[in-house]
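Lettering of chains follows the sequences in order, A, B, ..., and the numbering in each one begins at 1. Below, all heavy atoms of this structure are taken into account, side chains as well, without hydrogens, waters or symmetry copies.
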Amino acid sequence: MAGGNPASTTEYIQHHLQNSVFGKLPAGFERQTENGVEVLAADTWMMAHGASEAAAMGFWAIHVDSMAWSIGLGILFCWVFRSAAKRATTTAPSGLLGFVELIVDFVDGAVRDSFSGHNKMIAPLALTIFVWVFLMNLMDLIPVDLVPMLLMMAGVEYQKIVPSTDPNITMGMALGVFVLMLYYNIKVKGFGFVKELTLHPFNHWAFIPVNLFMELVGLLAKPFSLGLRLFGNMYAGEMIFILIAMMFAAGAGTGLIAGGLNAHLFGEQTNGLFWLLIFVLVCGVCWLNLKGKLSTSNTVILSLLLLTIGGGIFALGGGLMQWGWAIFHILVITLQAFIFMVLTVVYLSMAHEEDH
Amino acid sequence: MNINLTLFGQMVTFAMFVWFCMRFVWPVIIDAMEERQKKIADGLDAADRAMRDLEVAQAQAGDQMREAKQDAAGIIDQATKRASQIVEEAKQLAIAEGDRLKAAAAADIEQDVNRAKEELRIAVASLALAGAEKILETSVDDTAHRALVDQLATQL
């Protein structure tokens, strides 16, 4: 389970938490290559190899994986909802349209509940946030090693497939919301916004510095709490998936055949293909059960047998724990997407209200 | 974990997707939903109205039925009355006719009786004359005594 390269636990975790970074390495940076240390003569834009290079890139770098997954999921959202919108009719909705309308109705209800003003932007904004953040969070439910491992086989060194575990992504969205908050505060209240910042909560000129400090902290806390809450929850969730995977990865080699044969065939480390085979077999067994060609008890026995041969009881335990945490995590990802949406609406609602 | 350009990349992407949703997704779906809501509400209204109309029509039909029944009852009453009237009239006519026939019969009978009496008188007169002739054994002047006998006969 632990994939190829990382030999130790720490490396495994660090590898999982490293984005795929494209950025500018400053001149004079000493690169560790196979041919020894190479000193860069000029600023160079390149893919980072390892965490130290990524760190050295500083601000002028972009997380290729986060951006790619986030844009991809955003496009998925747009495509699905647009194709539903094209099919929108006033007769009875069916299939995809029914599902999309369910979400739209849900978001519309939430916005109506917490937004009192009139602004045509709020509801689409809330819908985009809810679905997009949900999709980004949903990536967390894909087995932690699956995509990075497959991509590693394709030559991509680092891959983080859950964009919302990247603070850049969550803070980027939170800052977007913050810009909107400032815009509507100024647009709706005008000078009243300054008054709100300076004469609240103590309505006296002598307290202006104190008020300003308190209100500014309150104002700035909103985007930070918004972005960091989502990031923290998703990061912690991802971390637990990684820890479970790592704890039980050792068990992967203890299967009846896998322990010996696997090592014999692939060497000590690369058991990915073997696991792929077991995965396909288990999926096949489940598929046969769904087709009604295999009784449920036989399915369970066969799956257990496959796991015993392939990975043994430790892998089974790890699988069960991943599964359990994933079920729990479904609640977390939905809830976090919902909270992000509701807080955005509430903050923007506050920006529209004259007095609070 | 570094804060870098990704932050602004995400902000721009975010703005683009929100714009797309605002422009091409939300209004279309929400309009369709609202229109459908309106259609359903209209349909329910129409159904309500139809139900009310039906009730009114039923009430009207009931009224008309009752009126028709009353009319029919009146007509039947009238007809019964008329029938009994006709029967009564016919009875009266029949009685009158019967009386008339009885009277005619009585007159006939009286006539017959009178005629019979006349004939009888004549016969009696003849008999009396014949008897008297036999008794007297004399020839009686028929013409002389005939008036006498006739006078006698009328007194019978």
Side-chain angles (χ1 to χ4, degrees), chain A residues 17-19 21-23 51 54-55 57-64 66-67 70-71 74-75 77-78 81-82 84-93 97 100-101 103-105 107-108 120-121 123-125 127-129 131-132 163 166-173 175-177 179-180 235, chain B residues 1-70:
Chain A
L17 297 181
Q18 178 57 48
N19 281 100
V21 187
F22 178 78
M57 283 171 178
F59 182 77
W60 294 106
I62 194 153
H63 291 165
V64 180
S66 291
M67 282 315 297
S70 128
I71 291 172
I75 287 171
F77 154 71
C78 288
F81 276 65
R82 178 64 191 157
K86 273 185 190 156
R87 265 187 267 166
T89 58
T90 53
T91 53
L97 182 59
V100 165
E101 283 191 4
I103 298 171
V104 168
D105 197 41
V107 172
D108 194 41
K120 281 188 174 170
M121 191 199 181
L125 175 78
L127 178 72
T128 311
I129 287 177
V131 180
W132 198 18
D166 183 345
N168 287 297
I169 296 294
T170 60
M171 284 311 296
M173 293 183 80
L175 282 181
V177 172
V179 168
L180 284 176
Y235 190 76
Chain B
M1 292 281 280
N2 318 307
I3 293 293
N4 54 28
L5 273 181
T6 316
L7 187 74
F8 296 102
Q10 179 71 6
M11 277 175 79
V12 172
T13 317
F14 182 44
M16 271 160 51
F17 285 135
V18 170
W19 171 81
F20 183 88
C21 184
M22 237 180 109
R23 181 85 181 72
F24 296 112
V25 176
W26 185 268
V28 183
I29 293 178
I30 210 81
D31 281 357
M33 282 169 76
E34 268 164 13
E35 202 166 317
R36 186 183 314 126
Q37 247 168 14
K38 213 174 130 271
K39 254 171 99 175
I40 292 171
D42 286 354
L44 289 175
D45 264 7
D48 272 359
R49 227 173 311 125
M51 197 72 101
R52 269 200 303 281
D53 286 356
L54 181 67
E55 270 169 21
V56 171
Q58 269 174 347
Q60 268 180 354
D63 281 355
Q64 277 176 351
M65 192 78 98
R66 215 166 24 252
E67 268 174 39
K69 266 184 191 159
Q70 274 174 353

Within a strict 4.5 Å, meaning less than it, do heavy atoms of the [X] and [Y] side chains meet?
{"X": "B:M11", "Y": "A:V179", "answer": "yes"}
{"X": "B:N4", "Y": "A:M57", "answer": "no"}
{"X": "B:T13", "Y": "A:M67", "answer": "yes"}
{"X": "A:L125", "Y": "B:F14", "answer": "yes"}
{"X": "A:R82", "Y": "B:V28", "answer": "yes"}

Counting heavy-atom pairs under 4.5 Å with chain A, which one of B:A32, B:C21, B:G9, B:A15 comes out on top?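 The option with the most such pairs is B:C21.
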How long is the straight-line distance from [atom2] of [Y] back to [atom1] of [X], given to the nearest 0.5 Å?
{"X": "A:I62", "Y": "B:L7", "atom1": "CD1", "atom2": "CG", "value": "10.0 Å"}
{"X": "A:M121", "Y": "B:W26", "atom1": "CE", "atom2": "CH2", "value": "13.0 Å"}
{"X": "A:T90", "Y": "B:E34", "atom1": "OG1", "atom2": "CD", "value": "13.0 Å"}
{"X": "A:T91", "Y": "B:K39", "atom1": "OG1", "atom2": "NZ", "value": "6.5 Å"}
{"X": "B:F17", "Y": "A:F77", "atom1": "CZ", "atom2": "CZ", "value": "9.0 Å"}
{"X": "B:L5", "Y": "A:W60", "atom1": "CG", "atom2": "CH2", "value": "5.5 Å"}

Which of the residues A:A88, A:S70, A:C78 is involved in the greatest number of heavy-atom pairs with chain B at under 4.5 angstrom?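 The residue among A:A88, A:S70, A:C78 with the greatest pair count is A:C78.
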Looking at A:A123, A:A84, A:G23, which makes the most heavy-atom pairs under 4.5 Å with chain B?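 The residue among A:A123, A:A84, A:G23 with the greatest pair count is A:A123.
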Please look at [X] and chain B and tell me whether the side chain, the backbone, both or neither of the residue comes under 4.5 angstrom of a heavy atom of that chain.
{"X": "A:I75", "value": "both"}
{"X": "A:V64", "value": "neither"}
{"X": "A:V131", "value": "neither"}

Smallest separation among heavy atoms of A:M173 and B:Q10, with atom names: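 Of all heavy-atom pairs spanning A:M173 and B:Q10, the closest is CG-NE2, 3.4 Å.
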To check you understand the geometry: which heavy-atom pair defines the closest contact between A:F81 and B:V25, and what is its length?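 That closest heavy-atom pairing would be CB-CG1, 3.5 Å.
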Contact part of B:F20 toward chain A, heavy-atom cut-off under 4.5 Å: side chain, backbone, both or neither?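 Looking at B:F20, just its side chain touches chain A.
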Given 3.5 Å as the limit, does a donor-acceptor pair link the side chain of B:R36 with the main chain of A:T89, or not?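 Such a contact is found between B:R36 side chain and A:T89 backbone.
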Within the side chain of B:T6, is there an N or O that forms a donor-acceptor pair under 3.5 Å with the backbone of A:H63?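 Answer holds: yes.
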